[in-house]
Asks: 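Mind looking over this structure? Questions follow.
The structure presented is a predicted model; accordingly, all values stated were derived computationally and were not measured.
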Amino acid sequence: MRLVHVFVEHPILHLDHTFTYRCYDANVKRGVRVQVPFHKTSIIGFVSKVEEADEQTLAKYPYEIKEITKIIDAEPLINEELFTLADWMGKTYIAPRIACFQCMLPAKLKPSSTHGKIKMETWVRICKEPTQKLTEKQQAAYEQLERHGCMRRNTFYQMFKSPGKKLIAYGIVESYEQEAKASLLESEQDEEKTLQPDQKKAMQKLLHATQVVSLLHGVTGSGKTEVFLQLAKKVLETGRQVVLLVPEIALTPQMVQRVKARFGKAVAIYHSALNAQEKYEQYQLVKEHKVQIVVGTRSAIFMPFDHLGLIILDEEHDTSYKQDATPRYHCRDIAVWRAKYHHAKVVLASATPSLETYARAHKGIYQLVEMPKRINARFPEMQLVEMRKAVGNSESYLLSNDLLDAIYERLQKKEQIVLLLNRRGYTPILRCISCGFVQMCPHCDVAMSYHKEEQVLKCHTCGHTMSVPAYCPTCGKASWRYLGIGTQKLEEFVQIKFPQARILRMDADTTGKKHAHEDILKSFGNHEADILLGTQMIAKGLDFDNVTLVGIVNGDAMLNRSDYRSGELTYDLLEQASGRSGRGDKAGKVILQVYDTQHYAIQSVLHHDYLMFFKHEMRYRHLAGYPPYRYLVSLVFSHKTKEMVEKDVKAAMQILEKKENGKILGPASLNKLRDEYRMRILLKGKDQALLNHYAWDVYQNHITKKARTRLDIDVSPVVLE
């Protein structure tokens, strides 16, 4: 008999310990899923430890040891490295280990009751030689199958339906089931490019780096991707594996295309737009060593590598690398951890590195590799339009005359244009001009956004939709005015101004369908559209030679956010968007429409001067005591009852006020979200481990008192409301 120690599927911190079960099956192993009785239900568990036991050992337990109902997996799902990583993540991010295991595995393999069944396919193969004479068609079917060894039954029947069925009836051919496998498709091969002097220098530094982590700080259009590909080739030649991460799905198609063109079939793809079966199939390609390189978004960092040599995080500054649900890990941290485990290298790449990363490189903790020049040796021409003056001169508040003239000029030359507005929908606010009432989301403290195409109001926070009310619920008048601008309205305005222009819009509303990102970018790359208009998803990583104009609308809108990173987020977005222009042989131009022309983030973009921005922003962070000078831990309490939130926050404050060597900010009330009231306490200090310890103390008190509010702990939050 065996005693099996199991983490149960509920990702709750107070259940973050193993439960003991007995098992008489010798096949139970560490790392497999099992079905177990739990209270009055049956749930899924994940085996952490197996030990031999006898009846005497069993008798020592003060409670009845129940028996495992079912062993789900024949072999362990994760290796010892990922077990160790889950322990580290649980401690670092204050998260239950079962949640860490769940985020490491594709949905079909998650230790969860909701995991789906793995898709099976029916195949056929020859099981014995024919003893009777076959007809001409039966002989052809037999020979076809003999050549291939095995075939999908559907394919076999399409070619030889009646003779194929006869062969099965004769017992010459047999059907059998096997898991559906991802197809490894050939793609057009791309020749390795000759590296420019800056690229060669960067390549050599990265190859011979003594530090685990290198920051590749290359301006937009400097040729970082070619350096990635040649570096990956060098690592693959040593028999080791490579993972290349991009922050968003929108960037995946172009990167996949380039990697597949260079490495052929040996590539797996892993991102959130794949369905559960596709993710499982890509995961299996890595596990079965059928591919050596993976391109994907954040979750691809957990692929089951066993001989990892290189991890590349492209656009490393992007906030999408931070997980916004438990466990709230940062992909960069996981990359560094796994690289140390495998004695591999990490390359963090960006034209606009995060302040935390650049500060570490500046201090020599990371190796700093610079690529300060563009491949074509010229930056786009930058033009700043002050919208206060433009509107004062009776120009449109949407697009200034300068931008309209530039669009017209590019259309005449058959060149392409990118227009960025980081707000989707038609207009952000529906306001009654009679009494000032603004239609808010009934579940969140945010204004509803008007979407003209569907004639509805949408909440961009919780997704709630409602029809536009005919009359104001406050004063009863039908005097609505739509204020502000979204991508739908901008598209409509541009189409009116340029009726012949072919426009593609790329935002959360147009990319909901499968392959939508890929289809839009492919169409634009094939010159099937003149203007690509959208939100921040078009601002980075895209490479189109024929784009010679980038127009940025409301470029300084993010500066109005209360988040301490608003300046950094603004600079990143604008500098990245500017980099989409003039990447080929044709000269590029960027027109930046803003209201605050003197802000240092705007001026830094105007001169493509990252160091200017870095120095200004670091001075502000130092004065305010924000990262990278201090660490942060966020504690957010949520409940449908406001009084309950206030009560539990008060209890947490009583614990924290006794602590030393740290600063407490708050409690602060946050916007109501999905019918829940929320309050936040922010811990700030120089010692990350100490702040984590304080957060653990608050949580322990929270569960001991059986508090009814939900407590969400975020270690090193990248965005604060």
Asks: Counting only N and O atoms by type, is there a donor-acceptor contact under 3.5 Å from the side chain of Arg580 to the main-chain atoms of Leu542?
Replies: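 Such a contact is found between Arg580 side chain and Leu542 backbone.
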Asks: Identify, with sequence neighbours excluded, every residue that meets side chain to side chain donor-acceptor pair (under 3.5 Å) alongside Gln254.
Replies: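 Gln254 satisfies side chain to side chain donor-acceptor pair (under 3.5 Å) with no other residue.
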Asks: My understanding is that only one of Thr487, Leu421, Asn422 makes a side-chain contact (heavy atoms from CB on, under 4.5 Å) with Asp507; could you say which?
Replies: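 Testing Asp507 for a side-chain contact (heavy atoms from CB on, under 4.5 Å) against Thr487, Leu421, Asn422 leaves exactly one candidate, Thr487.
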Asks: Might you work through the side-chain contact (heavy atoms from CB on, under 4.5 Å) test for Leu670 and Ser638, ending with a clear yes or no?
Replies: CA-CA 10 Å; Leu670 304 178; Ser638 311; over 6 Å; no
Asks: Side chains of residues 621-634: which donor-acceptor partners sit under 3.5 Å, not counting sequence neighbours?
Replies:
unit_1 : atom_1 : unit_2 : atom_2 : d
Arg621 : NE     : Glu617 : OE2    : 3.1
Arg621 : NH1    : Pro627 : O      : 2.8
Arg621 : NH2    : Glu568 : OE1    : 2.7
Arg621 : NH2    : Glu617 : OE2    : 3.3

Asks: Around Lys659, counting heavy atoms of other residues, nucleotides and ligands shown, do more than 12 lie under 6.0 Å from its NZ?
Replies: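 Buried by this count: over 12 neighbours within 6.0 Å.
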Asks: Is the distance between the ring centroids of His342 and Phe305 less than 6.0 Å?
Replies: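 Judged by ring-centre distance (under 6.0 Å), His342 and Phe305 do not meet the cut-off.
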Asks: Could you tell me whether a side-chain N or O of Gln102 sits under 3.5 Å from a main-chain N or O of Pro111, the two making a donor and an acceptor?
Replies: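 Side chain of Gln102 to backbone of Pro111, a donor-acceptor pair under 3.5 Å: yes, one is there.
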Asks: For the rings on Tyr677 and Phe637, is their centre-to-centre separation under 6.0 Å?
Replies: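 So the answer is no for these two rings.
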Asks: Hey, is the main chain of Tyr93 close enough, under 3.5 Å, to the side chain of Arg328 for a donor-acceptor pair?
Replies: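 No; zero donor-acceptor contacts below 3.5 Å.
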Asks: Under 3.5 Å, is there a donor-acceptor pair between the side chain of Lys458 and the main chain of Ser449?
Replies: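 It does not hold such a pair.
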Asks: Looking only at atom types and distance, does a side-chain atom of Gln439 sit under 3.5 Å from a main-chain N or O of Ala447, one as donor and one as acceptor?
Replies: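 Side chain of Gln439 to backbone of Ala447, a donor-acceptor pair under 3.5 Å: no, none is there.
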Asks: Residues two or more places apart in sequence or in another chain: which of them pass side chain to side chain donor-acceptor pair (under 3.5 Å) with Gln211?
Replies: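 Per chain and number, Gln211 pairs via side chain to side chain donor-acceptor pair (under 3.5 Å) with no residue.
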Asks: Is a donor on one side and an acceptor on the other found under 3.5 Å between the side chain of His702 and the backbone of Asp648?
Replies: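 Checked: no pair found.
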Asks: Looking at every heavy atom in both Leu13 and Ala95, which two are closest together, and how far apart are they?
Replies: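 Heavy atoms of Leu13 and Ala95 come nearest at CD2-C, 3.7 Å.
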Asks: Would you find a donor on one side and an acceptor on the other, under 3.5 Å apart, between the side chain of Ser112 and the backbone of Thr114?
Replies: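 Between the backbone of Thr114 and the side chain of Ser112 there is a qualifying donor-acceptor contact (under 3.5 Å).
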Asks: Phe19 vs His17, test: ring-ring contact (aromatic ring centres under 6.0 Å, His included). Steps then yes/no.
Replies: CA-CA 7 Å; Phe19 292 81; His17 58 85; 4.6 Å; yes
Asks: Could you work out, with salt bridge (Lys or Arg N to Asp or Glu O under 4.0 Å) as the rule, every residue matching Arg619, not counting sequence neighbours?
Replies: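 Testing Arg619 for salt bridge (Lys or Arg N to Asp or Glu O under 4.0 Å), a comparison that skips the adjacent residues, returns none.
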Asks: NZ of Lys650: more than 12 outside heavy atoms within 6.0 angstrom?
Replies: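 Check fails, neighbour count at 12 or below.
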Asks: Looking at Ile301, is its backbone amide N or carbonyl O close enough to the side chain of Arg338 to form a donor-acceptor pair, meaning the two atoms are under 3.5 Å apart?
Replies: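 Judged by distance alone, yes, a pair lies under 3.5 Å.
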Asks: If we ignore hydrogens and angles and just use 3.5 Å, is the side chain of Lys684 paired with the main-chain N or O of Leu665 as donor and acceptor?
Replies: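 Here the side-chain-to-backbone pair does not exist.
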Asks: If the test is side-chain hydrogen bond (donor to acceptor under 3.5 Å, both in side chains), which one of Arg710, His639, Lys642 qualifies with Glu676?
Replies: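 Among Arg710, His639, Lys642, the one that satisfies the side-chain hydrogen bond (donor to acceptor under 3.5 Å, both in side chains) with Glu676 is Arg710.
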Asks: Using the side-chain contact (heavy atoms from CB on, under 4.5 Å) rule, take His517 and Met506 through it: C-alpha gap first, then chi angles, then the decisive distance, then the call.
Replies: CA-CA 8 Å; His517 295 89; Met506 192 166 179; 3.7 Å; yes
Asks: Quick one: list whatever passes side chain to side chain donor-acceptor pair (under 3.5 Å) with His5, sequence neighbours left out.
Replies: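 If we apply the side chain to side chain donor-acceptor pair (under 3.5 Å) test to His5, skipping adjacent residues, the hits are Thr20, Glu51.
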Asks: Please evaluate residues Leu109 and His115 with respect to the criterion side-chain contact (heavy atoms from CB on, under 4.5 Å), reporting the C-alpha separation (whole Å), side-chain torsions for both, the decisive distance (0.1 Å), and the verdict.
Replies: CA-CA 6 Å; Leu109 296 177; His115 72 273; over 6 Å; no
Asks: Does the ring centre of Phe302 sit less than 6.0 Å away from the ring centre of Tyr329?
Replies: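 Centroid distance Tyr329-Phe302: below 6.0 Å, so yes.
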Asks: Is any side-chain heavy atom of Tyr571 less than 4.5 Å from a side-chain heavy atom of Tyr600?
Replies: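 SC-SC contact between Tyr571 and Tyr600 ruled out.
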Asks: Taking Thr352's backbone N and O only, do any of them form a donor-acceptor pair with His217's side chain (distance below 3.5 Å, no angle check)?
Replies: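 Not at all, since once roles are kept as given, no pair shorter than 3.5 Å links the two residues.
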Asks: Quick one: which of Val550, Val590, Leu573 gives a side-chain contact (heavy atoms from CB on, under 4.5 Å) with Leu420?
Replies: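 By the side-chain contact (heavy atoms from CB on, under 4.5 Å) criterion, Leu420 pairs with just one of Val550, Val590, Leu573: Leu573.
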Asks: For a quick test of your reading: what N or O donor-acceptor pairs under 3.5 Å do the side chains of residues 689-696 make, sequence neighbours left out?
Replies:
unit_1 : atom_1 : unit_2 : atom_2 : d
Asn692 : OD1    : Gln688 : NE2    : 3.1
Asn692 : ND2    : Thr92  : O      : 3.0
Tyr694 : OH     : Glu660 : O      : 2.2

